[in-house]
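Note that the structure is a prediction, hence the values are computed from the model and not measured. Heavy-atom basis, side chains included; hydrogens, waters and symmetry copies ignored.
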Amino acid sequence: MTQVVLFNVFNGLIVGAFYALMALGLSLILNLSGVINFAHGGFLALGAYLAYTLIPYIGFWGALIVAPLLTAALGLVIERLLIRPLYGGDPLYGLLLTFGLAYIFEDATRFIWGAQSLPFQVPASLTTSLSSQFFFVTGYRVFMIAIVVAAVGGLFAVLNYTRLGMRIRAGTRDLDTVSTLGVNVRVLRSLNFGIGIYMAGLAGVLAAGLLGLSPTLGASLIMPSFVAIIVGGLGSLLGTLLGGLLIGVASGLAAVYFPSATEAVIYVMMGLVLLIRPRGLLGEEGRLH
């Protein structure tokens, strides 16, 4: 029984890392631009499918680097053409636009790559188990956690120690003042959007290696990612990270004792947090940390 619990908790931690990586990108875009990006899951799936297409030419390692960058580049184009004109308007317009984009992405992946699930090949060296007792601890799972830790650490380093990051953090508190000080707010929003989409593309490549490829890959991860933001607290990236990991582990534990409630427990946790602490676990200040 102990091994079963550890297995599900570890799997929950893995899934929670996907939620956290997606939610961090969502939170970046929401905090600075005020856009609730429902198309984030579509970008995740796109990153996974781009990696699948690139692997025969540049290998897994090359695809891991290039696919998220290409996804971010497409995100910049979409931000410039479709989302930028909506800044400063009713947030509902951005919500409806990205909601429609999510369906466009899903249908586009079906049209280009087919509606059937596809296998996603990872290097054989990462598929072996690292422990005979804990068979579920594979090289790929450990590698995935390491990549997520590096990506999150890199994001926090950029936000805290670079000029771009400091401007993004300042913009989330008072964008008008940042603009008055001479910062090009349009460029700042675009770069911030690109970083958020890059996180989605990276999460897509990593998720495909564990969950496989399907057009609904992003749709299955988008709502828990929003829940992670709410549980962690709006405006807090640290809270978003914590929220993603918590709901992942909670879902894993529920799979042991209440298998039919693995999804419901996520929303129950959100409801409890909202009842006890409406601003989320770390969202009391409503800004980046």
Side-chain angles (χ1 to χ4, degrees), residues 14-15 17-26 28-30 35-83 86 94-123 140 144 147-148 151 190 193-228 244 248 263:
I14 296 293
V15 175
F18 293 143
Y19 296 157
L21 204 56
M22 272 195 75
L24 284 171
L26 279 168
L28 272 177
I29 296 170
L30 176 61
V35 175
I36 302 174
N37 184 22
F38 260 99
H40 212 67
F43 283 109
L44 178 144
L46 179 63
Y49 276 101
L50 286 175
Y52 172 81
T53 303
L54 291 171
I55 283 176
Y57 303 100
I58 60 177
F60 172 81
W61 304 108
L64 180 64
I65 296 171
V66 175
L69 293 174
L70 291 177
T71 307
L74 178 62
L76 289 174
V77 173
I78 291 177
E79 188 273 342
R80 174 65 182 86
L81 296 178
L82 299 178
I83 297 177
L86 302 180
L95 174 63
L96 292 174
L97 172 65
T98 57
F99 192 77
L101 282 174
Y103 283 101
I104 292 173
F105 275 127
E106 189 170 319
D107 285 344
T109 53
R110 283 195 179 96
F111 178 77
I112 297 172
W113 288 282
Q116 303 300 318
S117 298
L118 298 173
F120 189 90
Q121 298 296 325
V122 299
Y140 185 76
M144 197 220 73
I147 292 294
V148 171
S190 294
F193 192 90
I195 294 172
I197 299 302
Y198 173 86
M199 302 292 281
L202 180 61
V205 180
L206 295 174
L210 188 67
L211 306 176
L213 275 175
S214 69
T216 59
L217 175 64
S220 65
L221 297 174
I222 184 67
M223 288 308 298
S225 299
F226 278 116
V227 172
E263 292 187 14

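In this structure, Pro68 and Ala63 approach most closely via the heavy-atom pair CD-O, 3.7 Å. Pro119 and Tyr52 make their closest contact through O-CE1, 3.4 Å (heavy atoms, listed as atom of the first residue, atom of the second, distance).
In this structure, Ile197 and Asn37 have side chains that are in contact, with non-hydrogen atoms separated by less than 4.5 Å. Between Met22 and Leu44, the closest side-chain pair of non-hydrogen atoms falls below 4.5 Å. Side chains of Phe120 and Val205 form a contact here, defined as non-hydrogen atoms less than 4.5 Å apart.
Counting only residues at least two apart or in different chains, salt bridge (charged side-chain N to carboxylate O under 4.0 Å, His left out) contacts with residues 109-119 comprise Glu106-Arg110, Asp107-Arg110. Within the structure, the ring pair (Phe, Tyr, Trp, His ring centres under 6.0 Å) test picks out the following pairs touching residues 53-74 (sequence neighbours left out): Trp61-Phe143.
Remark: Val227 engages Val231, Ile247, Ile266, Tyr267, Met270 in a side chain to side chain contact (heavy atoms under 4.5 Å, CB included) (not counting sequence neighbours). Remark: Ala151 engages Leu21, Leu202 in a side chain to side chain contact (heavy atoms under 4.5 Å, CB included) (not counting sequence neighbours). Legend: residues meeting ring pair (Phe, Tyr, Trp, His ring centres under 6.0 Å) with Phe193, ordered by chain and number and at least two apart, are absent. Residues that satisfy the ring pair (Phe, Tyr, Trp, His ring centres under 6.0 Å) test with Tyr49, not counting sequence neighbours, are Trp113. Taking Phe99 as the reference, Phe38, Tyr103 meet the ring pair (Phe, Tyr, Trp, His ring centres under 6.0 Å) condition, with sequence neighbours excluded. For the ring pair (Phe, Tyr, Trp, His ring centres under 6.0 Å) test, no residue two or more places apart in sequence or in another chain qualifies with Tyr140. Take Ile58 and apply the side chain to side chain contact (heavy atoms under 4.5 Å, CB included) test, not counting sequence neighbours, and it matches Leu54, Val66.
Atoms OG1 and CG, on Thr53 and Leu70 in that order, are 10.5 Å from each other to the nearest 0.5 Å. With values rounded to the nearest 0.5 angstrom, Ile29 atom CD1 is found 10.0 Å from Ile195 atom CD1. Atom NE2 in His40 sits 4.0 Å away from atom CG in Leu26 (nearest 0.5 Å).
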- Task: Would you check, one step at a time, whether the test side-chain contact (heavy atoms from CB on, under 4.5 Å) holds for Leu50 with Leu46?
- Result: CA-CA 6 Å; Leu50 286 175; Leu46 179 63; 4.0 Å; yes
Can you list, pair by pair, the side-chain donor-acceptor contacts under 3.5 Å of residues 215-226, counting residues two or more places apart and other chains?
{"unit_1": "Thr216", "atom_1": "OG1", "unit_2": "Ser214", "atom_2": "OG", "d": "3.4"}
{"unit_1": "Ser220", "atom_1": "OG", "unit_2": "Leu217", "atom_2": "O", "d": "2.7"}
{"unit_1": "Ser225", "atom_1": "OG", "unit_2": "Leu221", "atom_2": "O", "d": "2.8"}

List the atom pairs, donor and acceptor, that lie under 3.5 Å between side-chain atoms in residues 71-82 and the rest of the protein, sequence neighbours left out.
{"unit_1": "Thr71", "atom_1": "OG1", "unit_2": "Ala67", "atom_2": "O", "d": "2.8"}
{"unit_1": "Glu79", "atom_1": "OE1", "unit_2": "Ser190", "atom_2": "OG", "d": "2.8"}
{"unit_1": "Glu79", "atom_1": "OE2", "unit_2": "Tyr87", "atom_2": "OH", "d": "2.9"}

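Formation of a donor-acceptor pair under 3.5 Å by the Thr98 side chain with backbone atoms of Ile36 is found in this model.
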